Structures are given as structure tokens and as C-alpha cells.
Amino acid sequence: MRWADTVGPMGRPHILLITTDQHRAGFTLGDGFLLDTMPAVDALGAAGRRLRQAYTTAPACVPARTSLLTGRWPKAHRVRQNSAENAVVRGDDLLDVLRGQGYAVHFAGKPHMYRGPDDFDSYAGSYWHDHGPAGDAEDDGFARWLAELDHGVSPVATPYPLRSQFPHRIVSAAVETVRAIDRPSFLWASFPEPHNPYQVPEPYFSMFPEESIPAPLTGRVDALAKGGAYAWLADLQESKRPGLDKQWRRYRANYCGMLRLIDDQIARLIASYRERGILDDTVVIVTSDHGDYTGEYGLQRKGAGMPEVLMRVPFVISGAGIAVYDD
């Protein structure tokens with residue numbers, strides 16, 4: 001039975017798609033991690049379906065997002081790198097299908113795809129990893145501070161308030177969209193985090209102390225001992241950013257704090273649906289475009305290679321008409 005046959009206004013549920021960027025699977029308590037980084041997302045999974053074997057089609061933003069929109073593998077849609085979004089080969093995509101079913105389509109956040117502002121009924125963006133739309137003096141100062149981090153790891157708490165963080169600004173725009181919903185709607189909230197630069201304000205910076213952070217399952221020594229599969233990447237990283245692999249505790253602590261910040265904003269967005277009285281008529285999907293090395297093999301961020309930490313992504317679906325299931 002299709003969702004559209006079961007619930008929602010005009011027989012169709014609202015759809016809330018939440019995507020994160022560079023968010024590896026396995027970093028929440030509900031997914032076996034030792035720290036409670038995303039309680040709201042874990043609660044969604046417990047109330048609906050948590051797909052533990054979800055994999056991206058590519059460990060890079062644009063190819064993965066193109067697959068999400070088209071339902072095609074990169075070899076079919078022809079987008080295989082982040083600069084090639086306009087090379088897409090497709091038929092009707094997700095937005096076309098939803099519009100054909102009478103949906104309004106809305107977007108807030110980071111695009112990095114072949115679709116743009118004119119393709120949505122409302123569009124709040126564009127947000128990237130070190131800059132977003134012009135804001136007030138504090139927001140603009142935060143963007144300059146992010147750029148100075150040069151996609152690195154901040155050793156101190158972000159000296160700008162939560163309201164300047166992109167997830168907070170994106171959700172603020174998305175909440176305004178929710179308040180104006182008047183027909184079946186698809187809202188895509190696309191967070192640029194927990195992608196580098198790895199930074200987070202208080203209280204999130206101190207929420208997961210460095211000494212509490214589980215160590216990576218592998219390390220630089222393992223990379224070398226296992227035939228050097230990742231040794232060349234570790235050497236390349238070391239040549240560009242000497243000593244970077246020694247920052248793994250702060251790196252992973254910031255990453256966990258970023259996840260908790262995102263989770264609080266997801267909870268805030270879902271609350272706006274509840275306040276409108278439409279949460280029971282909404283399907284909520286949470287996933288990511290690809291993962292992050294998070295210190296495995298002595299590496300940060302993403303790069304060449306297709307290890308599990310880059311390819312497996314979180315995937316939770318919950319809400320109207322979704323039966324409880326955990327694979």
C-alpha cells in the first residue's frame with residue numbers, strides 16, 4: 001500500500017526529508033555508539049524504521065545527491081564528481097514526481113545539486129560549509145571565522161552563538177515554511193554539517209569531553225600494517241596538514257557535538273509540525289549523502305577509497321503509515 005493511499009490531506013502525507021552532509025552511520029546510541037549524540041533521531045528510528053544497511057551510491061556530495069533525486073546510480077546519471085552537476089542524464093526526478101502528485105516542494109539549506117531556487121515553491125539558501133546567505137554582523141563574522149578555520153578542527157568552542165550556526169538558521173527558515181503549509185508538501189531540510197570545518201559552540205563543545213570519546217577502530221599503524229591500502233592517503237594528508245591525525249580526540253569530540261546540535265535542530269523542526277497539528281500526517285526521513293573517516297586509518301574528512309565509514313549512511317524513516325521495523 002502506498003503512503004499516498006493511507007493518510008494526510010487529500011489522501012497524501014506531508015514529507016519531511018532531512019539530509020546531513022558527511023555523516024557516517026554508527027555514531028548514535030541507537031546504532032551501537034557509546035555516546036548519546038542524536039536522541040531525537042534515535043527516537044524516530046525506534047518509532048519507525050531504522051535501516052542499518054543503507055549505503056550511498058558515491059562517497060561525494062553531488063553524485064550522491066543526484067542519485068537521491070533521480071533514483072539512478074552515477075554510471076546512469078553520469079554525475080561522478082562534485083563539479084559535474086550539469087552533466088546529469090535523467091528523466092522525471094523526485095521533484096517532478098511529487099509535483100505530479102499535487103505536492104508543493106520546498107527547500108532550506110545546502111543545495112550542491114543540479115536543482116536550483118527556481119525549481120522550488122520556496123527556497124532558503126544557499127548554505128555551504130563556510131558561508132551562507134548574508135545575515136547580521138554576527139552571522140557574517142561567524143562565516144569569516146569558519147573560512148579562517150580552513151576546513152580544519154577548532155581546538156576551542158566556536159565564539160559565536162547557536163543562532164549563527166547554519167543548522168539553526170536553516171531550521172528557522174524551514175519552520176516559517178511549515179507554518180504556511182496549506183496543501184500536501186515536501187520539505188527538504190539540507191544541513192551542511194557535520195562536514196568540516198569541525199566546530200561547535202557551547203554547550204555542545206563540552207558535551208562530549210575528549211577523554212570520553214571512543215577511539216577509532218583502526219589507525220595509521222593499521223593502515224600501514226594491512227598492506228598500505230590507505231597509507232598513501234595518510235601520507236598526503238600529513239604533507240598538507242602535519243600532525244592532523246594526532247587531533248583525533250578533538251576532531252571526534254567536535255563531530256559528536258555537531259551531531260547533537262543538528263539533532264536538537266531536527267527536534268525543533270519536528271516540533272513545528274506538531275504545533276501545526278500535521279505531524280501525524282507527515283512522513284519523516286533522515287539520511288546523509290556519505291560518511292566521514294572520523295579518524296579511521298588516521299584520516300579525516302573524505303577522499304579516495306570506498307571504505308564502510310564513507311559508504312554506509314544513517315537512514316531512518318518514521319511517521320504516517322510507517323510500521324516499526326529495525327533491520
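None of these values were measured; they are calculated from a predicted model.
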For this session: Determine whether F142 and W128 fall in the same hydrophobic cluster, where Ile, Leu, Val, Met, Phe, Trp and Tyr are linked whenever their side-chain heavy atoms lie under 4.5 Å apart.
Result: no
Problem set entry | CD-NE2 distance between E193 and H129, expressed to the nearest 0.5 angstrom | 8.5 Å
Exercise. Can a donor-acceptor pair be found between the side chains of Y55 and E308 at a distance below 3.5 Å?
Worked result: yes
Exercise. Would a line drawn from the ring center of Y127 to the ring center of F191 be shorter than 6.0 Å?
Worked result: no
Exercise. So, are R24 and D31 salt-bridged, with charged N and O less than 4.0 Å apart?
Worked result: no
Problem set entry | Residue from F186, F107, Y103 passing ring pair (Phe, Tyr, Trp, His ring centres under 6.0 Å) with F120 | F107
For this session: Give a yes or no on whether a salt bridge exists between K302 and D289, defined as a side-chain N under 4.0 angstrom from a carboxylate O.
Result: no
Exercise. Would you say M38 and I266 make side-chain contact, with heavy atoms under 4.5 Å?
Worked result: yes
For this session: Indicate yes or no: at least one non-hydrogen side-chain atom of D36 is less than 4.5 angstrom from one of D42.
Result: yes
Exercise. When hydrophobic residues are tied together by side-chain contacts of less than 4.5 Å, even through go-betweens, does V313 share a cluster with V41?
Worked result: no
Exercise. Would D93 and T70 count as having a side-chain donor-acceptor pair, cut-off 3.5 Å?
Worked result: no
Problem set entry | Salt bridge present between R115 and D96 (N-O < 4.0 angstrom) | yes
Exercise. Out of curiosity, does V79 fall in the hydrophobic cluster containing M311 (side-chain heavy atoms, cut-off under 4.5 Å, transitive links)?
Worked result: no
Exercise. Hey, are S172 and R268 close enough side-chain-wise for a donor-acceptor pair under 3.5 Å?
Worked result: yes
Exercise. Can any side-chain N or O of R312 pair as donor or acceptor with the backbone N or O of Q53 at less than 3.5 Å?
Worked result: no
For this session: Please check if any side-chain donor atom of S164 sits under 3.5 Å from a side-chain acceptor atom of E138, or the reverse.
Result: no
Problem set entry | Salt bridge present between D21 and R65 (N-O < 4.0 angstrom) | yes
Exercise. Quick one: are Y160 and P201 in side-chain contact, heavy atoms under 4.5 Å?
Worked result: no
Exercise. Going by heavy atoms in the side chains, are R169 and P133 under 4.5 Å from each other?
Worked result: yes
